[in-house]
Structures are given as structure tokens and as C-alpha cells.
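For ligands, and for the atoms within them, numbers begin at 1 and follow the listed sequence. Side-chain atoms are counted along with the backbone in the values below, which use heavy atoms only and exclude waters and symmetry mates.
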Amino acid sequence: MDVREISSATEIAAAGGVLTVDLGAVAANWRAVRAAAPGAEAGAVVKADAYGLGMAPVARRLAEEGCGCFFVADAHEGAALRALLPGVAIYVLNGLFPGAEALYREAGLAPCLASMAEVAEWRDAAKRGGTRLPAALHFDSGLNRLGMSATDAAALAEDAALSEGIDVRLVMSHLACADDAANPRNAEQLGRFREMRAMLANRFPGARASLANSPGVFLGPDYHFDLMRPGVGLYGGNPLTGAANPFRPAVTVEARVLAVRTLEAGDAVGYSATWAAAAPARIAVLSAGYADGYFRALSRRSDEKTQEKGGHVHIAGYTVPVAGRVSMDMMAVDVSAVPEGFIQRGDMAELIGPHISVDDVGLRAGTIGYEILTSLGRRYMRRYLTGGENLSGKPGGQV
Ligand SMILES: *Cc1c(COP(=O)(O)O)cnc(C)c1O
């Protein structure tokens with residue numbers, strides 16, 4: 001891994017920012033998925049470097065918890081995971097790429113075949129290799145992203161030769177609106193998935209079924225089938241819109257205070273002078289910026305009317321707003337509300353963590369927690385907690 005992992009107190013002292021991943025929380029979130037659906041198996045989606053948290057430590061920990069089935073986006077992610085975990089099932093969500101069959105085979109990956117062309121290529125690869133090759137069959141039930149149609153399901157059910165040599169382990173589909181339990185599209189997709197699954201039951205009697213992503217887990221037992229595919233919830237993101245997060249936060253991002261400055265009324269802060277002090281003020285300059293995945297969209301103008309837009313951070317027990325433009329490696333926050341002397345150069349400010357949820361940062365940046373997690377910068381010093389440690393740290397942020 002080329003991200004920096006912490007090994008000493010001096011290294012922490014020298015770090016501009018610290019990213020802490022609580023593997024105990026990731027494990028607890030995975031167990032929460034299992035508890036929500038006792039009759040189904042819980043897999044884990046670890047694509048995009050486990051949503052930015054680090055695939056290796058996350059996948060190892062989940063395997064220790066008993067997770068035996070992982071989902072990645074492409075075959076290179078799958079091969080990296082295979083090197084870590086020789087014994088688990090690994091499904092490639094983005095399917096089979098033309099000409100790439102050998103890599104899937106060598107790494108023991110099961111592509112989620114999403115077209116008849118992919119089925120034919122995988123069948124031919126099995127024939128050439130004189131072996132059976134594992135796969136999922138991915139059907140579209142309304143998302144219109146990847147997946148075969150009901151017509152394809154009928155053809156596969158009809159003609160065994162189409163899938164000869166393919167060990168179909170899973171029949172799957174993906175929900176478009178599961179974050180909104182009241183959306184009628186959920187039941188429509190469920191109905192279509194059930195129909196396609198029923199069509200294929202005789203052809204692939206050993207295949208299990210999978211529909212639920214993290215929010216799908218909370219749509220009730222009809223949506224659980226045999227295997228669930230939670231992603232964001234494992235990492236502490238809220239998969240539900242307009243409802244409390246059923247998962248525990250797993251990521252804390254802290255940035256160091258580089259300077260505390262006193263401003264006169266009218267003094268402007270940052271590029272293009274978009275924020276100016278209305279009265280005498282104090283700001284803290286922090287060692288993180290958009291190069292660290294703290295989006296420039298979290299900048300805050302002084303004429304911004306709403307409190308909901310622009311970033312805020314937690315420092316010395318106070319939640320304070322960003323002041324001016326977020327720049328590449330630095331940002332300023334308005335700490336006028338924090339009593340003088342409470343914040344010292346070298347202290348840490350929480351950008352994401354127990355007080356500032358990843359979903360809140362996403363909302364303020366005009367996006368979602370998923371994008372904040374997968375954009376977490378590679379410059380932070382990383383530390384991985386194994387469980388039980390107090391994530392909130394001490395006031396002032398000594399770590
Ligand atoms: C990413 C993905 C998931 C996981 O979704 P979350 O909302 O993060 O739980 C599950 N299934 C498929 C097909 C995906 O692409």
C-alpha cells in the first residue's frame with residue numbers, strides 16, 4: 001500500500017492530517033447486516049479500495065469475522081483481493097471484459113455476467129480450458145445500468161448450450177431506489193427479479209439469489225434472498241434517505257491547525273477574497289484541502305445566507321464554519337466563537353468523525369457520503385483501529 005500508515009508518535013506529530021479507520025466499527029456494521037437478515041448470508045462490497053478505507057485491512061478483518069463472499073468492481077481489484085484471501089468467493093460486479101478471461105480464471109474470479117455476449121465469452125473460455133468456470137448472472141430489473149433482460153433469462157432457461165461449462169452460483173439484480181423505502185419502484189423491481197429467478201430455477205438449481213445492497217437490507221425479508229451485498233453501510237455511511245443511520249461511523253479525518261490568525265473587520269480570507277470578516281474575527285488555518293478529498297465545493301462565502309451550505313469542522317468542542325475558498329492543501333475556519341486560547345497551533349480539527357458525519361459533509365458539498373469516502377485523500381497518515389478504542393480522542397485532538 002502506498003498510503004502512509006502511522007508507526008510512531010513523531011510521525012503523527014509530523015502529519016498534516018490523520019485518517020483513522022475503525023475496523024471494529026466495520027466489523028460491527030457487518031454483524032448488524034447479518035442481524036437484520038438472519039436467514040441470509042452477508043457478503044461485503046469492497047470495490048474502490050473498500051470505498052476509500054483500504055481494501056486490504058478491511059477485507060482481512062471482514063474475513064476474520066466470517067465473511068466468505070466479496071464483491072469488487074473489476075478484475076484487477078479482484079486479483080489484489082485474491083492475493084490477500086485465497087479461500088473466499090470473489091465476484092466482479094462490472095462483468096467480463098472482452099479478452100480478459102485469463103486474468104479472471106487465474107485469480108479465481110467469478111464475473112457478474114451482464115449480457116449474452118459475456119455469457120458466450122465465459123462459456124467459450126470454459127470450453128477452451130476444459131473446465132467449469134464460476135459466475136453470477138446479472139439481470140436488469142429497472143436500474144437500466146448493467147444486466148440481462150427477461151428475454152435473455154428465457155433464452156438461457158430454454159437452451160442449456162448457451163451456458164455450458166458455466167457454474168452459475170448466483171442470480172442477481174440491483175435496486176435503483178432502495179434508499180427510499182416508500183418508492184414503488186422497489187416492489188416493481190422485486191417482482192421482476194422474482195419472475196426472472198423463477199424462469200431460471202430449473203436450469204440453475206444450485207444458483208443462489210442476491211438483490212439487496214446496504215439500503216435494500218432494510219426493505220424487509222422479501223428483499224434479502226440468499227446473499228446480501230452491503231457496501232456503504234459497512235463503512236459507516238447512511239444508506240437511507242430521510243431516516244436515521246442504522247450503522248456506526250467508521251472513519252475519522254482530522255487536520256492540523258497550522259496557524260490561528262486575528263482579523264480586523266473587512267479583512268478577507270483565501271483565494272478570490274470570497275469571505276471577509278464582518279467584525280474583528282479569528283480564523284484557524286488547517287492542513288487539508290481539496291487534494292485531500294475535502295471538496296472545494298465546501299468553500300463558504302461570507303455572504304452565504306444558509307448554514308446548510310459550505311463545510312464545517314469540529315474543534316475544541318465547537319462546530320465552526322469554513323471561511324472562504326478551500327485551497328489545495330489548506331483551508332480556513334472561522335473560530336471567532338471559540339474562546340481565545342482554546343485552539344493552539346498543532347491541534348487537530350475533526351473534518352469527519354463522531355461530530356461531523358460523512359453524509360453531512362456530502363450534503364454540504366452537494367453530493368453524497370459515498371463520494372466523500374471514495375475521494376478520501378492519500379496524503380493522510382492512516383491508522384487502523386482494531387476495535388474498542390475511543391475514537392473521539394481528547395479535546396484538542398491529541399492522538
Ligand atoms: C456498489 C454496489 C453494491 C453496494 O451498494 P451500497 O449502496 O454501497 O451498499 C451492491 N451491488 C452492486 C451491484 C453495486 O454496484
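- Atom 12 (C) of ligand 1 has as its closest protein heavy atom His174 CE1, 3.3 Å.
- Comparing Lys47, Arg229, Met172, His138 against atom 15 (O) of ligand 1, the shortest heavy-atom distance belongs to Lys47.
- For the ligand labelled ligand 1, residue Ala73 lies outside the 4.0 Å heavy-atom shell.
- Considering Arg208, Arg34, Arg229 in turn, Arg208 is the only one that fulfils the salt bridge (Lys or Arg N to Asp or Glu O under 4.0 Å) rule with Glu41.
- Taking a cut-off of under 4.0 Å to the non-hydrogen atoms of Pro230, the atoms of ligand 1 that pass are 9 (O).
- Residues Tyr380 and Tyr294 keep their aromatic ring centres 6.0 Å or farther apart.
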Checklist entry - Going through the checks in order, is the side-chain hydrogen bond (donor to acceptor under 3.5 Å, both in side chains) test met by Ser141 and Ser173? => result CA-CA 6 Å; Ser141 56; Ser173 188; 2.7 Å; yes

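- Atoms of ligand 1 found under 4.0 Å from any heavy atom of Arg145, numbered from 1 in the order shown, are 15 (O).
- Within ligand 1, the atoms closer than 4.0 Å to a non-hydrogen atom of Tyr51 are 1 (C), 4 (C), 5 (O), 6 (P), 8 (O), numbered from 1 in the order shown.
- Distances below 4.0 Å separate heavy atoms of Val232 from the following atoms of ligand 1: 6 (P), 8 (O), 9 (O).
- Aromatic ring pairs are classed by plane angle as parallel below 30°, tilted from 30° to 60° and perpendicular above 60°; the pair Tyr51 and Tyr235 is tilted.
- Around the CG atom of Asp303, the shell of radius 6.0 Å holds more than 12 heavy atoms that belong to other residues, nucleotides or ligands.
- In terms of N/O distances under 3.5 Å, ligand 1 is not approached by Val45.
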Item to check | Test salt bridge (charged side-chain N to carboxylate O under 4.0 Å, His left out) applied to Arg60 and Glu64, step by step | outcome: CA-CA 6 Å; Arg60 275 203 203 98; Glu64 277 169 28; over 6 Å; no

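- Side-chain contact between Leu351 and Val361 is absent, with no heavy-atom pair separated by less than 4.5 Å.
- Closest to atom 9 (O) of ligand 1 among all protein heavy atoms lies Ser214 OG, 2.5 Å.
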Next on the checklist: Applying salt bridge (charged side-chain N to carboxylate O under 4.0 Å, His left out) to Arg379 and Asp329, what does each step give before you reach the verdict?
Outcome noted: CA-CA 10 Å; Arg379 179 159 54 182; Asp329 316 300; 2.9 Å; yes

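- Here the protein heavy atom with the shortest distance to atom 7 (O) of ligand 1 is Tyr370 OH, 2.6 Å.
- Close contacts of ligand 1 with Pro215, meaning ligand atoms under 4.0 Å from a residue heavy atom, involve 7 (O).
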